[in-house]
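Each remark here refers to the structure printed beneath this line.
Side chains are part of it too, since the values below use all heavy atoms of this structure and drop only hydrogens, waters and symmetry mates. Only a predicted model underlies this, so the values are computations on that prediction, with no experimental measurement involved.
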Amino acid sequence: MSAHDHAWMARALQLARKGLYSTHPNPRVGCVIVKDGELVGEGWHVRAGEPHAEVHALRQAGDRAAGATAYVTLEPCSHFGRTPPCAEALVKARVGRVVAAMQDPNPQVAGRGLELLRSAGIEVASGVLESEARAVNPGFIKRMETGLPYMRAKLAMSLDGRTAMASGESQWITGPAARGEVQRLRAQSSVVLSGADTVLMDQARLTVRAAELGLDDEMTSLAIQRPPLRVLVDGRLRVPLDAPFFQAGPALVASGSDDQTARYRSAGHELLTLPGEAGRVDLHSLLRELAKRDVNEVLLEAGPRLAGAFASLGLIDEYQIFVAAKFLGSSARPLLDLPLERMSEARGLKIKDIRAVGDDWKLVAVPTS
């Protein structure tokens, strides 16, 4: 692959990221079409059910697509879904070469799109900036490969690792810039998930607040058009239906009991029964059920008990930890309820990024063990 291939694919990835808030449950995909070193068409997938990135780029390129090179961040699809196959559109346009960043992990595609192109006499290459392409769609890829969504845990703590006072008071540990980051995390997620303790203590709604997104008008419009599904883990159904969480719109409640299904349904919500041990919700089954509903990315915003339960089960893929320059004291609540007794039990993390966010710091880390 040449330096030009990498440069054009980088542009395609830039376009793919424009779909950060809007493509669910589809992957975020960008495409550029280049002929004789000149950009003749480009596009990105905006919403499920609408044209894919390749179609937008081909429309822009018109007749100039013939003999050109198409750079696509994900293997062109080869099956009929809500839209026709993109691989066939590229063949029909008579492009001369297709460069894909990665093969599509969707079993319905999984190399078939690239093979269709090869069989039509089109030169095909794959693997250009693949790691960057995978980073654009961690949830879609994980769901296709494992049957589970990608889970981010958003946590806010003081410098001494505390998340709330002993009374449960936690608003606000961090400042407005960090809260804006959280709104963007919500907007890009398929699901925002929390527990009864957090919803009751904070009177939380867990909605996307457009005024705090800090995006341009186009991105804000896309973000609020596709709000994430709000999921509440409430094993004993402690949160009343007149709580702000339920008043904010339809929600999914995961519980250990189904004896109030009709009551929740009549209020516009869904009650999902997933009994686990000791009356708790089976969290692994919950994530599998969400994946079956085409959920790619889950944002966990919960207290130390529920966050610790997900961490204990190894279900958290990424931690987004906001750190405020303050101490809450030794009687305040910990970051995670994760009882460990020996150093050998310590959970390792790899820090991927750390940066200032207003007066606070944001740390992104992934488990290593």
Side-chain angles (χ1 to χ4, degrees), residues 21-22 24-25 149 151-156 163-165 167-174 176 178-215 220-274 279-281 283 286-287 289-290 293-295 297-307 310 333:
Y21 305 107
S22 61
H24 166 87
M151 174 172 272
R152 293 184 180 91
K154 171 251 136 183
L155 302 166
T163 62
M165 305 309 292
S167 65
E169 179 188 359
S170 63
Q171 295 179 326
W172 296 97
I173 293 176
T174 54
R179 295 199 292 275
E181 287 266 332
V182 173
Q183 291 301 311
R184 291 188 287 277
L185 284 172
R186 287 182 186 177
Q188 78 177 66
S189 302
S190 311
V191 157
V192 176
L193 189 153
S194 193
D197 289 343
T198 296
V199 168
L200 287 169
M201 180 59 64
D202 296 344
Q203 294 293 288
R205 296 174 180 269
L206 298 176
T207 54
V208 174
R209 299 191 288 272
E212 296 181 33
L213 284 170
L215 302 171
T220 296
S221 176
L222 289 172
I224 63 177
Q225 285 177 25
R226 189 209 59 79
L229 172 66
R230 295 172 309 120
V231 176
L232 174 65
V233 176
D234 189 0
R236 292 176 286 158
L237 300 179
R238 292 184 290 135
V239 180
L241 285 171
D242 62 357
F245 176 83
F246 289 118
Q247 299 306 305
L252 173 66
V253 180
S255 176
S257 170
D258 63 356
D259 60 358
Q260 298 189 49
T261 299
R263 189 165 70 92
Y264 279 83
R265 185 186 300 118
S266 65
H269 311 292
E270 181 183 356
L271 184 63
L272 181 64
T273 306
L274 296 167
R280 297 185 179 90
V281 173
L283 300 180
L286 172 58
L287 292 188
E289 175 61 29
L290 292 176
R293 300 181 183 211
D294 295 335
V295 166
E297 298 175 18
V298 174
L299 179 64
L300 176 65
E301 293 193 55
R305 186 161 57 178
L306 183 58
F310 274 108
R333 298 184 179 186

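- Looking only at distances, no side-chain donor or acceptor of Arg152 sits under 3.5 Å from a matching main-chain atom of Val298.
- Two residues are said to be in side-chain contact when any heavy atoms from C-beta on lie closer than 4.5 Å; Pro228 and Val192 meet this criterion.
- Using modelled atom types, one side-chain atom of Arg184 and one backbone atom of Leu213 make a donor-acceptor pair closer than 3.5 Å.
- Although no hydrogens or angles enter the test, the distance criterion places no donor-acceptor pair under 3.5 Å between the side chain of Ser255 and the main chain of Thr273.
- A salt bridge does not link Arg265 with Glu270: none of the charged nitrogens is closer than 4.0 Å to a carboxylate oxygen.
- A donor-acceptor pair under 3.5 Å links the side-chain atoms of His269 to the main chain of Ala251, judged by distance alone.
- Two residues are said to be in side-chain contact when any heavy atoms from C-beta on lie closer than 4.5 Å; Leu237 and Leu271 meet this criterion.
- Residues Val231 and Leu206 are not in side-chain contact: their nearest non-hydrogen atoms beyond the backbone lie 4.5 Å or more apart.
- When each of Arg226, His24, Arg293, Glu297 is paired with Ser190, the side chain to side chain donor-acceptor pair (under 3.5 Å) condition holds for His24 and for no other.
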Checking Leu272 against Val253 for the side chain to side chain contact (heavy atoms under 4.5 Å, CB included) test, could you report, in this order, the C-alpha distance in whole Å, the side-chain angles of both residues, the deciding distance, and whether it holds? CA-CA 6 Å; Leu272 181 64; Val253 180; over 6 Å; no
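- The distance from atom CG of Asp197 to atom CG of Asp202, rounded to the nearest 0.5 Å, is 10.0 Å.
- Annotation: Arg305, atom CZ; neighbour count of heavy atoms from other residues, nucleotides and ligands within 6.0 Å does not exceed 12.
- Of all heavy-atom pairs between Ala156 and Ile173, the closest is O-CD1, 3.7 Å.
- Between Glu301 and Arg186 there is a salt bridge, with a side-chain nitrogen of the basic residue lying less than 4.0 Å from a carboxylate oxygen of the acidic one.
- Side chain of Asp234 to main chain of Ala196: no donor-acceptor pair is present (N/O by atom type, distance under 3.5 Å, no hydrogens or angles).
- Interatomic distance, Met151 CE to Leu299 CG, rounded to the nearest 0.5 Å: 8.5 Å.
- Of the possible donor and acceptor atoms, none in the side chain of Arg230 sits under 3.5 Å from a partner among the backbone N and O of Phe246.
- A donor-acceptor contact shorter than 3.5 Å links the side chain of Gln247 to the backbone of Leu241.
- The distance from the CG atom of Leu222 to the CG atom of Leu215 is 9.5 Å, given to the nearest 0.5 Å.
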Please determine whether side chain to side chain contact (heavy atoms under 4.5 Å, CB included) holds for the pair Gln188 and Tyr21, giving the CA-CA distance in whole Å, both sets of side-chain angles, and the decisive distance to 0.1 Å. CA-CA 4 Å; Gln188 78 177 66; Tyr21 305 107; 3.9 Å; yes
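- Residues Leu155 and Ala302 come closest through the heavy atom pair CD2-O, 4.3 Å.
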Could you go through the side chain to side chain contact (heavy atoms under 4.5 Å, CB included) check for Leu283 and Val233 one step at a time? CA-CA 9 Å; Leu283 300 180; Val233 176; 4.3 Å; yes
Working for side chain to side chain contact (heavy atoms under 4.5 Å, CB included), residues Phe310 and Leu287: CA-CA 10 Å; Phe310 274 108; Leu287 292 188; 4.2 Å; yes
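- Side chain of Thr198 to backbone of Gly195: no donor-acceptor contact under 3.5 angstrom is found.
- The CG atom of Leu229 lies 9.0 Å from the CG atom of Leu193; values are rounded to the nearest 0.5 Å.
- Annotation for Ala248 and Thr207: closest pair CB-CG2, 3.8 Å, computed over non-hydrogen atoms.
- Counting heavy atoms from C-beta on, the side chains of Leu300 and Lys154 never come closer than 4.5 Å.
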